[in-house]
Amino acid sequence: MRLATAEISLAALDHNFKRVKEFAPASQIMAVLKANAYGHGLVAIAKRLSSADAFAVARIDEALALRAGGLVKPIVLLEGFFEPQDLPILLANNFQTIIHHQSQLDALMNCDLDGMLTTWLKIDTGMHRLGISPEQFSKAYQTLSQCEHVNPNIRLMTHFACADDLSNGKTQQQLAVFSELIADKKQQTCLANSAAIIGWPDSHGDWVRPGLMMYGVSPMLNKVGADHGLAPVMRLKTRLISLRVVKKGEAVGYGSTWTCPIDTIIGVVAMGYGDGYPRHAPSGTPVMVNGKQVPLVGRVSMDMITVDLGLETDAKIGDQVILWGPELPVEVVAQCADTIPYELLCNITPRVDYHYIE
Ligand SMILES: *Cc1c(COP(=O)(O)O)cnc(C)c1O
């Protein structure tokens with residue numbers, strides 16, 4: 001049995017999907033499954049999301065893995081296709097594509113496809129990453145409408161830069177740009193990621209694109225999933241593999257960065273950056289041992305971390321350690337490590353065993 005385990009609660013996933021519906025009752029749901037379903041396991045998560053109206057991924061390989069796994073729902077490619085040679089693959093597999101660049105329009109106009117693709121025209125309303133500029137939108141829309149390889153039901157989308165911050169006016173500005181551009185169109189719209197689903201109900205549109213919130217984690221600044229009635233899907237856990245008394249003044253771990261202020265018992269935990277635990281988590285980052293929070297001390301190594309259990313501990317070798325999960329929000333660990341929960345979840349490595357529970 002492998003020590004480091006990601007326990008995935010399918011009941012929590014069901015619950016969070018219901019929460020998405022409660023937040024956006026009038027919208028269809030495009031469940032975002034990129035990056036191995038945010039580290040939760042692509043096909044297993046997709047199979048459980050039987051009520052989703054479509055799936056969304058970032059790469060064609062991810063979409064093909066869903067089809068290979070037996071999933072038949074529409075799949076939206078959030079970055080679209082990358083080369084003209086991709087187009088027959090999209091058509092053959094019922095992949096829908098985002099169109100965010102003139103080069104993609106050119107490829108569609110010049111291709112030789114035996115059928116029509118469903119497309120989502122992405123407008124850059126202010127994020128300035130992917131998307132057709134507002135000035136170019138009308139022309140791009142017209143080109144797409146006239147393309148014989150494109151389903152006339154062109155869908156319209158945009159993406160928000162600052163939706164996680166409710167005090168930031170940029171979301172309203174982006175929404176206003178989008179609404180004005182599409183005012184005379186009857187086409188379906190899609191704007192909201194998790195943060196906008198939770199924080200900006202005006203943005204919901206015909207479709208929403210939840211990622212992080214489905215996994216029970218908050219996209220909002222300084223919040224955790226429970227603040228929105230979400231249940232964390234992943235519990236990352238392992239075991240204690242050693243305990244030892246270390247004397248006051250002795251240093252622990254690589255670089256000797258942490259020194260015992262008093263005599264204590266140091267626990268060694270079978271989890272390190274080789275499993276995806278963040279190497280930059282500093283001394284003091286919380287870890288749960290036998291249901292009690294203790295501080296990580298010293299540097300995170302590849303296979304292990306060390307924790308300060310205190311002299312009074314009753315912990316023993318083999319006891320359970322939880323790195324994050326319902327008892328210890330991944331948002332908290334991410335903040336300690338100066339990153340975001342998205343990164344911690346995606347970074348789980350193949351060495352970790354996945355265990356799906358009801
Ligand atoms: C990843 C992604 C999402 C999902 O974002 P969350 O913050 O995880 O909900 C939505 N839309 C696009 C374009 C994305 O790339």
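Counting convention: from 1, in listed order, for ligands and their atoms alike. Start at 1 with the first residue, then count along the sequence. Just so it is clear, the values below take in all heavy atoms, side chains as well, and ignore hydrogens, waters and symmetry mates.
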Classify the contact between [X] and ligand 1 as side chain, backbone, both or neither, using a heavy-atom distance cut-off of under 4.0 Å.
{"X": "M213", "value": "neither"}
{"X": "N193", "value": "both"}
{"X": "S194", "value": "both"}

Carboxylate-amine/guanidinium contact D303 R351, below 4.0 Å: yes

D263 with K247: basic N within carboxylate O range, under 4.0 Å: yes

Q102 atom CD: more than 12 heavy-atom contacts under 6.0 Å: yes

CD (Q335) with more than 12 external heavy atoms under 6.0 Å: no

Where ligand 1 meets L78 - atom numbers and elements under 4.0 angstrom, heavy-atom basis: 12 (C), 14 (C), 15 (O)

Subset of ligand 1 atoms that lie under 4.0 Å from at least one heavy atom of L212: 6 (P), 8 (O), 9 (O)

What protein heavy atom is closest to [atom], reported as residue, atom name and distance in Å?
{"atom": "atom 12 (C) of ligand 1", "value": "H159 CE1, 3.4 Å"}
{"atom": "atom 14 (C) of ligand 1", "value": "K34 NZ, 2.9 Å"}
{"atom": "atom 7 (O) of ligand 1", "value": "Y342 OH, 2.6 Å"}
{"atom": "atom 10 (C) of ligand 1", "value": "R209 NE, 3.5 Å"}
{"atom": "atom 4 (C) of ligand 1", "value": "Y38 OH, 3.4 Å"}

Close N or O approach (G211, ligand 1; < 3.5 Å): yes

Separation between [atom1] of [X] and [atom2] of [Y], rounded to the nearest 0.5 Å:
{"X": "I197", "Y": "S203", "atom1": "CD1", "atom2": "OG", "value": "8.0 Å"}
{"X": "R48", "Y": "Y356", "atom1": "CZ", "atom2": "OH", "value": "12.0 Å"}
{"X": "F95", "Y": "R67", "atom1": "CZ", "atom2": "CZ", "value": "5.5 Å"}

Aromatic plane relationship, Y38 with Y342 - under 30° parallel, 30 to 60° tilted, over 60° perpendicular: tilted

